[in-house]
Number of protein chains: 2
Amino acid sequence: MNFADSQLFFGIEPEQAERMLPCLEAASRDFPAGKLMYSYLSGQSSAAVILEGSASVVRYEANGSRTILESLSAGGIFGADLDFYTESLGSVHVVCDTPCRVLFLNYEKMIRPCRSACPRHLDLVQNILSILSGKSRLLGERVEVLSQRSIRDKLMCYFGQLSVKSGSHTFTLPFSMMDLADFLSVNRSAMVRELRFMREDGLIAMKKREVTLL
Amino acid sequence: MNFADSQLFFGIEPEQAERMLPCLEAASRDFPAGKLMYSYLSGQSSAAVILEGSASVVRYEANGSRTILESLSAGGIFGADLDFYTESLGSVHVVCDTPCRVLFLNYEKMIRPCRSACPRHLDLVQNILSILSGKSRLLGERVEVLSQRSIRDKLMCYFGQLSVKSGSHTFTLPFSMMDLADFLSVNRSAMVRELRFMREDGLIAMKKREVTLL
DNA sequence: ACAGATATGGTGCAAATGCAACAGACAAAA
DNA sequence: TTTTGTCTGTTGCATTTGCACCATATCTGT
């Protein structure tokens with residue numbers, strides 16, 4: 001995709017967006033699949049837009065367990081204050097799932113409107129505001145799921161969110177079973193077992209990754 | 001405290017902040033302790049600053065369990081997109097812990113700079129941006145704690161965060177035992193038991209709400 | 001100081017979850 | 001096609017957690 005189609009430049013004409021790039025210290029880079037693209041280290045202040053490919057934001061805990069914090073596809077944005085991960089305990093990285101082309105931008109330059117060259121800089125700030133509250137809402141949903149006390153409740157809560165988002169009782173899981181277990185922070189085999197019980201109890205129907213709430 | 005001392009008006013002179021109030025449709029209200037101040041209903045778009053008192057953002061689940069999403073004191077800000085709670089499953093409310101005076105503002109008016117009356121409107125947007133990423137960071141920490149798999153790991157993770165924030169191995173819990181259990185989404189008595197085991201294992205020392213990591 | 005309410009600490013038991021191990025399914029590579 | 005590796009579903013067993021109680025401790029208002 002073209003960088004100007006990103007949510008970051010929503011409402012800004014492509015030519016004007018193009019003209020803003022030098023001011024934002026834009027730099028494009030390519031990464032092969034599986035490559036580490038970004039680490040949330042203190043002091044770093046670049047943001048990035050994924051132009052091609054898909055990636056995951058993951059945290060590796062000291063004890064070896066892994067948590068998927070976010071899944072990103074083309075148009076996705078990460079880095080700097082756009083995400084909110086502290087490096088306190090585990091380390092947080094952005095890793096390519098497929099080969100990626102990524103546009104890096106200077107976050108500080110983005111949020112401070114310069115009155116000189118960039119007439120649409122204000123729109124950029126507005127867009128960041130909306131991206132930020134959108135991402136925050138996702139995190140809030142995550143907290144809602146994680147604060148459920150049983151595996152069954154976590155699954156039902158998450159399925160409920162997917163159902164609302166898809167506007168249907170039937171939807172497709174965006175995760176493999178392993179990743180879903182990591183996402184919910186539960187044991188994989190315990191989760192698969194619980195899914196079986198839920199099917200037996202007539203709560204859900206599943207065919208591959210397609211789930212229906214009954 | 002005075003509204004102009006809120007983070008929302010950071011860097012804006014009090015007189016100028018005063019002049020912005022009508023434009024933001026500001027309205028002050030008082031609430032007694034325990035009173036419901038705000039519900040996150042779809043469509044509502046007012047934000048609020050706590051001038052006096054303290055409050056909690058809580059979610060009540062369908063099954064009766066309660067989750068404390070956030071603790072607010074004077075200067076704290078809540079409402080609209082400033083928080084990120086969806087009403088999908090449980091209902092989310094802001095409730096006074098002590099008597100509160102609160103200033104309500106129109107969120108939409110805040111984030112859309114009007115070129116006419118408010119020369120400092122842009123600063124307001126910048127401040128919202130920083131409040132939003134600050135709150136998001138808190139939420140991210142919350143996810144970090146909740147994604148720990150055992151009660152012990154949740155406690156250690158949370159204690160680690162408090163230790164980093166206080167800059168010391170000894171710190172004071174901001175919660176009662178009941179509220180802490182709700183915050184971590186675990187059973188209270190199981191948590192108290194685990195705290196005892198952790199003391200016996202020499203991991204921590206506790207005296208009332210004062211915890212020391214060993 | 002008292003009574004009532006609320007918070008805390010504790011225990012036994014049942015249920016849920018994690019863990020390790022294994023077998024079949026599936027997909028990518030040779 | 002076979003091979004190889006990864007994902008999935010399953011099971012038995014150990015451990016953790018939730019739950020329902022109870023006994024003290026602490027707080028609050030009279």
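Order of the sequence lines sets the chain letters (A, B, ...), proteins ahead of strands, with each chain counted from 1.
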[X] [atom1] to [N] [atom2], straight-line distance once rounded to whole Å:
| X | N | atom1 | atom2 | result |
| --- | --- | --- | --- | --- |
| Arg209(A) | dC26(C) | CZ | C1' | 12 Å |
| Gln148(A) | dT17(D) | CD | P | 18 Å |
| Asn187(A) | dT10(D) | CG | P | 15 Å |
| Asp182(A) | dT8(D) | CG | P | 11 Å |
| Phe197(A) | dT17(C) | CZ | P | 10 Å |
| Met206(B) | dT8(C) | CE | C1' | 11 Å |
| Leu195(B) | dT16(D) | CG | P | 15 Å |
| Leu155(B) | dT16(D) | CG | P | 14 Å |

So if I take every side-chain heavy atom of [X] and compare against [options], which nucleotide ends up nearest?
| X | options | result |
| --- | --- | --- |
| Ile151(B) | dG18(D), dG18(C), dC7(D) | dG18(D) |
| Lys208(A) | dC26(C), dT17(C), dT17(D) | dC26(C) |
| Met178(A) | dT8(D), dT11(C), dG9(D) | dT8(D) |
| Arg193(A) | dT17(D), dC13(D), dC26(C) | dC13(D) |

Task: Residues Glu144(A), Arg137(A): salt bridge by 4.0 Å N-O rule - done: no
Task: Position toward the 5' end of DNA chain C (nearest nucleotide), Met177(B) or Ala190(B) - done: Met177(B)
Keeping the roles fixed (side chain from [X], backbone from [Y]), state whether a donor-acceptor pair exists under 3.5 Å.
| X | Y | answer |
| --- | --- | --- |
| Asn2(B) | Ala4(B) | yes |
| Gln161(B) | Glu141(B) | yes |
| Ser46(B) | Phe104(B) | no |

TODO: Kindly indicate whether a cation-pi arrangement holds for Arg209(B) with Phe171(B), taking the cut-offs as under 6.0 Å to the six-membered ring centre and within 45° of the axis.
DONE: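 Because its charged atom misses either the 6.0 Å distance or the 45° angle limit, Arg209(B) does not stack over Phe171(B).
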- [ ] Would you please confirm or rule out a distance under 4.0 Å between OP1 or OP2 of dT10(D) and any side-chain N or O of Arg196(A)?
- [x] yes
Open item on the list: What contact category does Arg188(A) fall into here, base, sugar-phosphate, or nothing, at under 4.0 angstrom with non-hydrogen atoms?
Closed with: base
Open item on the list: Counting the atoms with a prime plus P, OP1 and OP2 as sugar-phosphate, which does Ser150(B) contact under 4.0 Å by heavy atoms, base, sugar-phosphate, or nothing?
Closed with: sugar-phosphate
